[in-house]
Structures are given as structure tokens and as C-alpha cells.
Amino acid sequence: MDHPTPDAAITSLSALREAEAACTRCPLYRDATRVVPGEGPAHARLMMVGEQPGDQEDLSGRPFVGPAGQVLDRAILEAGIDRKTVFVTNAVKHFKWEPRGKRRLHKKPNAHEIERCRWWNDIERALVRPQLVVALGATAAASLLGRSVTIGRVRGELLTGRDGEPVVVTIHPSYLLRLREKADKEREYARFVADLKACAARLRQAA
Ligand code: URA
């Protein structure tokens, strides 16, 4: 399996965190509280890539600790995966938001911001060397695959990332938070858990 070539100057996750903290590769650092680096074992076999930190992640500096993170945690557990074994990160490392009254409302990162931030996930993958990367939603899929995809068309398939790494695309957990009907929520949540179970099975086969 191919992996991106590590940046010669960044040889550990702690060095990576330091470099990320000084990132000015796109303007998003200006309005964010802090960078939110990826988190997990240095040689995790499974990496999950979300879109970008939300309000709570921006405040705490840790990925997927807010409402979407709680859904993700529950689904990971139900899929029989231990979150502590997963490297969890984001395609974009700073929170992009716009004010709405006193709230900071999430704004989707644009293609330029995704492209500029890919640099950091390339280094994360080079250091961690995961055997499988799960793209949670369209932004992560675009960053990893280098093209935009329709989630419904590629969901669950084993795809090849732009650096040759195996990538599986599924929904972003915040999609489940947006569904209104209980029946839709339950059905889509079950599909999400099934996607993650299939990823765990792929890893068991590869072991
Ligand atoms: N959504 C994401 O994509 N990432 C997070 O860390 C939190 C919410």
C-alpha cells in the first residue's frame, strides 16, 4: 500500500501538532480559537476523517467531542470498534463559522480551504500509516479522493485515495442529527453502524 512521503521536518505526531498550531495556510486560523489536531494511537490501523471541528471542538482542541462526536462514539461502539484504537481527525483543522446572534454557526469549508489543509492529513497518514481510512461525509471524501463524489453512489465501496490508500466513504454523523423523523434517524443510524462494522470486518480480514 502506498502512503504519502512524510515531511522530513515532521517525524512525530507531537511535532505535527506543533506545526499545525502555527498554520496560516488559509485564512481560517484567524477566526478559530485554536487548531484541532487529529487524535489517536500513533500507528492506528483505522483512521476516521471528518469535515472540520465544530464549536465544542474549537473550544476544547479535540476532534469529535461535540454532538456529532457523541453520535460517532455510539456508532463506533455498536460496530464493535474501540474508539481508543482509532485515529480520529478532520479534513480541515480549523473551525469555520459565521455569527448568528450569540451563536457561532458552522460554515462548510470551500475547495481552496480543503486543498490547503490536505497537507496536514497527508502528513498524518504518512506518520500513522493506517490500513483503512474512513471518510465521514463529502468534505473528507473530496480531500482524500481528490474529486467530489455523491455519498450515495460510493458509500461502503473500497476506493483508492489519491495516495493509493484504501478509503471507504460513509455519511457524516451530523447528517443523523439533522434528520427530523425518528424512523429516518433509526434507519440511517443503523446503516451508519453497518458501514462501520463492514470497515471493522475488512480490517480483521487484512490482519
Ligand atoms: N464534525 C466534524 O467533522 N469534526 C469534528 O471534529 C466535529 C464535528
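FYI, side chains are in, hydrogens and waters are out, and symmetry mates aren't considered; it's all heavy atoms of this structure. In each ligand, atom 1 is the first atom listed, and ligand 1 is the first ligand listed. In what follows, residues are counted from 1 in the order of the sequence shown.
Salt-bridge check for Arg100 with Glu98: passed, with a basic side-chain N closer than 4.0 Å to an acidic carboxylate O. Taking the charged nitrogens against the carboxylate oxygens, Lys93 and Glu124 do have a contact shorter than 4.0 Å, which makes a salt bridge. Using a 4.0 Å cut-off between charged side-chain N and carboxylate O, Asp122 and Arg162 make no salt bridge.
Contact shell of ligand 1 (protein heavy atoms, cutoff 4.0 Å): Gly50, Glu51, Gln52, Pro53, Gly54, Glu57, Pro63, Phe64, Asn90, His172.
Side-chain contact annotation: Glu51 with His106, donor-acceptor N/O pair under 3.5 Å present.
Annotation: cation-pi pair Arg74/Tyr189 present, NZ/CZ under 6.0 Å from the ring centroid and within 45° of its normal.
Among Leu132, Val133, Leu159, the single residue meeting the side-chain contact (heavy atoms from CB on, under 4.5 Å) criterion with Glu165 is Val133.
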